[in-house]
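Below is one structure, written out as structure tokens; comments come after it.
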Amino acid sequence: MTTKVNIRMSGLGGQGVVTAAHILGAAATRDGLISIVNPFFGAEKRLAPAESYVRISDEPIYERGEVLFPNIIMIFHPHVITMGKCYTMPFFDGLQPGGIMLINSDEILPLSEEEKSKLAALQARIFYVPATKVALEVAGTELSTNVAMLGGLMAVSPNLVTTSAISDSIAERFGGGKFVASATTAALDDVVKSKFGKLEQLVEKNMEIVDRGRQAVHEFLISRAASA
Amino acid sequence: MTKNILKMSPAFADIIPAEYRELVDNGPYGRDVGVAELGTFKELLEEHPLCAGCGLALALRIFLASLPAPEDTIVVGSTGCSSLVFPQAAVQNIHSLFGNQNSVASGLKRALKLRFPDKDKDVIVVAGDGATADIGLDMVMHSWFRRENITTIMLDNEAYANTGGQESGMSQQGTVLYMAPKGKNFPKISMPELAREAGCVYVAVGTPAQPRKLEKMLKRAIILARHVGPTYVQIMTPCPTNYKFKNNETVNRLKGLEKDGVFKPREYITAEAQEALNRLEEVSK
Amino acid sequence: MQKVVSPEHLFFEAPREQVFITGSEAVREAVRRANVDMAISYPITPQSESMHLVGDIFKEGYIREYFRGENEFAVMSAVAGASMGGVRVFTATGGPGTLRAFELFSTWSGARLPIVCAFMTRGVNSPLTIQPDTIEMSYLLDTGMIMLHAENAQDLYDYLLKAFPIAEQTEVHIPVGVFADGFFVTHTRENVKVAPVDIKLPPYNAYSAPVPVMDMENVPFRQMRDPFVMKSNYVSYAAHASWQQEVMAAAERARPSISSYLGGLLEVENADADILIITSGTAVSIAREAVAQAKQEGLNVGLVKIKCIRPFPTEEIRALTKNAKAVIVPEFNRVGWLAKEIKSIIPDNDKVVGAPRVFGGMTMPTQSILAEIRRCQA
């Protein structure tokens with residue numbers, strides 16, 4: 001990779017957008033890349049709009065704060081689109097030409113004609129992944145939606161980070177006292193950990209979610225939809 | 001503090017101020033002197049800048065004579081008349097701001113515990129009624145909630161005297177003062193009862209009209225604060241200037257207020273503090 | 001347990017490990033190695049997390065005393081009491097918390113207390129906001145404290161650790177505020193190089209204070225024959241005036257140590273360019289991106305990062321801006337206090353452009369700085 005990738009993760013509080021960003025940024029760092037990760041700046045509230053931002057590059061990154069011009073947008077919940085639970089309007093505001101959108105939904109979400117034509121003009125690619133469904137099936141908890149989304153990301157952007165770096169970052173994130181989560185996140189961590197038992201089991205199960213997420217991605221072709 | 005720190009260099013003895021020499025030679029540090037011995041030893045207070053007849057002046061003189069360990073006492077004050085004497089008193093004194101005295105004392109006491117784990121350093125807050133019951137009330141009470149090992153002493157002259165005589169929360173209902181031109185419209189705050197409920201292990205309300213009794217209250221409060229918990233002493237100290245009575249009438253006024261039931265001396269002590277006190281008073285016999 | 005090493009060893013010689021942490025975690029790592037006796041906390045966004053983490057290292061035994069106070073005014077008071085009692089003390093606040101505690105900051109300086117306080121800057125009411133904004137720094141400029149402004153988590157770690165030996169020199173002995181932009185630094189995760197965990201700063205020497213320590217282990221005799229508090233006479237005026245000047249002089253005397261520990265009060269890139277960007281904090285990071293993009297457009301732009309706001313690098317800035325045609329000062333606040341500072345010290349100050357100014361919480365777009373560069377070039 002030689003260019004900087006800016007990723008915006010939009011979801012609802014409690015879905016783990018901040019944790020997903022931490023894992024992704026840490027994995028990039030493990031792969032020898034530079035990463036800067038920050039959450040949306042707000043009070044943490046469950047089910048309120050939540051965003052986090054990951055910048056990855058092989059050169060020093062100075063920019064921080066909101067990603068205004070993302071190359072990849074990850075939508076963790078259909079309500080981001082259907083109910084406008086989002087910090088930008090439209091939800092793909094700032095998406096760069098040739099950008100990618102990865103949406104967690106079991107079904108295709110309705111987009112207006114205007115949105116479709118704008119996305120088509122950007123030559124954006126849209127992918128769906130039933131991340132919550134995968135999380136429920138494999139781990140029995142919606143709290144693993146974020147890990148399934150990371151799996152989906154690895155399918156749509158296969159050269160971003162390595163699988164082993166993701167695996168190590170998951171182990172570090174949930175394994176020891178090294179990572180620090182905010183108070184509310186720490187409480188959710190305990191729920192996640194109680195679902196799994198031992199660390200090895202936790203990592204193994206999470207990597208299974210990553211794999212299932214990766215396999216469950218399918219592309220939605222805007223051009224066909226726009227003409228239909 | 002060891003008395004060695006006070007020693008004068010013989011080379012400078014002739015230029016050392018007389019009151020310093022007297023403190024070295026005949027001060028109360030490390031000696032068992034108190035109110036009964038007043039006049040036989042050099043007092044910590046050197047003159048004072050308060051008004052003639054000030055109730056605070058009398059109370060502070062008794063307070064300084066009552067200190068169980070003046071050589072290891074730090075007084076934390078607050079803005080107001082109560083703070084004016086301490087630059088002239090031979091104990092260390094912090095005058096920080098208005099109302100934050102119990103917070104400063106909390107930090108100081110904990111710091112001294114860290115630095116002198118085997119020594120009792122008495123941290124005593126001395127502040128007026130405005131500082132204690134009004135502007136600093138939350139910090140006073142939180143130091144009690146946290147069970148800080150400090151003694152809080154309120155010099156209650158029922159007004160903001162230093163700023164010219166305004167109503168305070170400790171003024172009696174109906175009193176006409178500045179900022180209460182039609183008379184104060186709520187009762188005097190029940191600080192002793194608040195102190196009791198907030199975690200003070202010993203609470204006393206005293207008067208400088210009864211010096212020996214007040215001395216006993218102060219000594220108890222200071223000693224219990226060392227190991228048992230926070231303590232509170234409220235001293236009635238009338239203000240001749242703002243309450244406009246003759247400055248040779250202060251003690252009579254105190255006696256009159258008590259006789260009329262306006263001023264009520266009282267004492268609360270927890271079972272734990274009483275037990276500690278019994279042990280201590282047994283040892284000292 | 002930790003071994004005491006010299007500040008120079010801790011800062012410059014000890015090997016450093018790279019960790020991927022947030023600014024709040026960088027506070028924890030600095031305090032862990034700072035041999036702090038006591039820390040007092042109070043929650044406020046975006047600072048809270050840093051003092052949670054300081055609480056964690058208290059539990060682990062790196063700090064000897066820690067508690068939560070009841071409000072920022074009380075906390076800053078308790079910190080003052082602890083410092084007067086002769087221990088090394090740390091706290092942190094930000095935004096409305098800074099304003100709530102404000103009376104104490106001048107008091108710390110006046111009482112010559114070497115307190116180190118982290119300020120995680122945030123907008124102040126009204127209307128209510130929790131977003132990043134550096135306006136509180138404007139209010140603090142004349143409190144007498146030393147003010148260092150961190151660009152990122154690395155700076156925050158470095159400046160906090162270095163603040164202790166800077167503050168505690170006898171000839172200085174005044175508080176140091178280390179400022180980091182809320183969220184942009186506190187909540188952002190990035191690479192930070194830290195010293196080994198088993199070494200720490202030398203302990204604070206209480207008797208390095210130029211004023212008596214309040215421990216009754218030094219002569220307590222009356223401090224003043226005629227206390228100047230409340231007095232109206234020449235001696236009291238002169239005493240107060242000279243005391244204030246002495247606090248200012250103490251900050252001036254900190255210049256050499258700030259300079260040697262931080263590598264200068266400021267840092268310059270491409271000093272000879274016609275257009276100079278001068279800024280501090282997170283705005284420096286945004287400006288770095290803007291400078292790089294301007295270079296691609298063939299525009300020659302220099303960048304000055306001010307690390308130390310008080311004392312202000314007046315002479316350095318005068319010299320640097322002498323030949324510049326334009327000086328752009330991007331800031332994360334409405335009032336443009338840094339632009340005002342710079343305007344007040346250079347003669348041809350009509351070349352100072354106090355823009356862009358971003359406030360209310362938005363991230364400063366690189367494009368907004370580029371737009372100013374292009375305007376100055378035209």
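A note on names: the letters A, B, ... follow the listed sequences, proteins ahead of strands, and every chain is numbered from 1.
Annotation: R334(C), atom CZ; neighbour count of heavy atoms from other residues, nucleotides and ligands within 6.0 Å does not exceed 12. Shown here is E114(A), whose CD atom has no more than 12 heavy atoms of other residues, nucleotides or ligands within 6.0 Å. Atom CD of E204(A) has 12 or fewer neighbouring heavy atoms from other residues, nucleotides or ligands inside a 6.0 Å radius. In the displayed structure, R100(C) atom CZ is contacted under 6.0 Å by at most 12 heavy atoms of other residues, nucleotides or ligands.
Rounded to the nearest 0.5 angstrom, T366(C) OG1 and F69(A) CZ are separated by 8.5 Å. Separation of atoms OG1 (T29(A)) and CG (N191(C)) is listed at 5.0 Å; rounding is to 0.5 Å. Rounding to the nearest 0.5 angstrom, the gap separating the OG1 atom in T22(C) from the NE2 atom in H22(A) is 7.0 Å. With rounding to the nearest 0.5 Å, the separation of CD in E289(C) from CZ in R64(A) is 10.0 Å.
Of all the heavy atoms in S35(A) and F20(C), the pair that sits closest is O-CE1, 3.4 Å.
Checking side-chain atoms of R189(C) against main-chain N and O of V37(A) turns up no donor-acceptor pair under 3.5 Å.
Taking the side chain as every heavy atom from C-beta outward, E190(C) and I34(A) never approach each other to under 4.5 Å.
Neither the backbone nor the side chain of P46(C) comes within less than 4.5 Å of any heavy atom of chain A. Residue contact with chain A, scored on non-hydrogen atoms closer than 4.5 Å, involves the backbone and the side chain of M362(C) alike. At a 4.5 Å heavy-atom cutoff, the contact between L68(A) and chain C is made by side-chain atoms alone. In this structure, the portion of Q367(C) lying under 4.5 Å from any heavy atom of chain A is its side chain and not its backbone.
Heavy-atom pairs under 4.5 Å with chain A peak, among E151(C), R288(C), Q18(C), at R288(C). Comparing G65(A), A21(A), P60(A) by how many heavy-atom pairs each has under 4.5 Å with chain C, the most go to G65(A).
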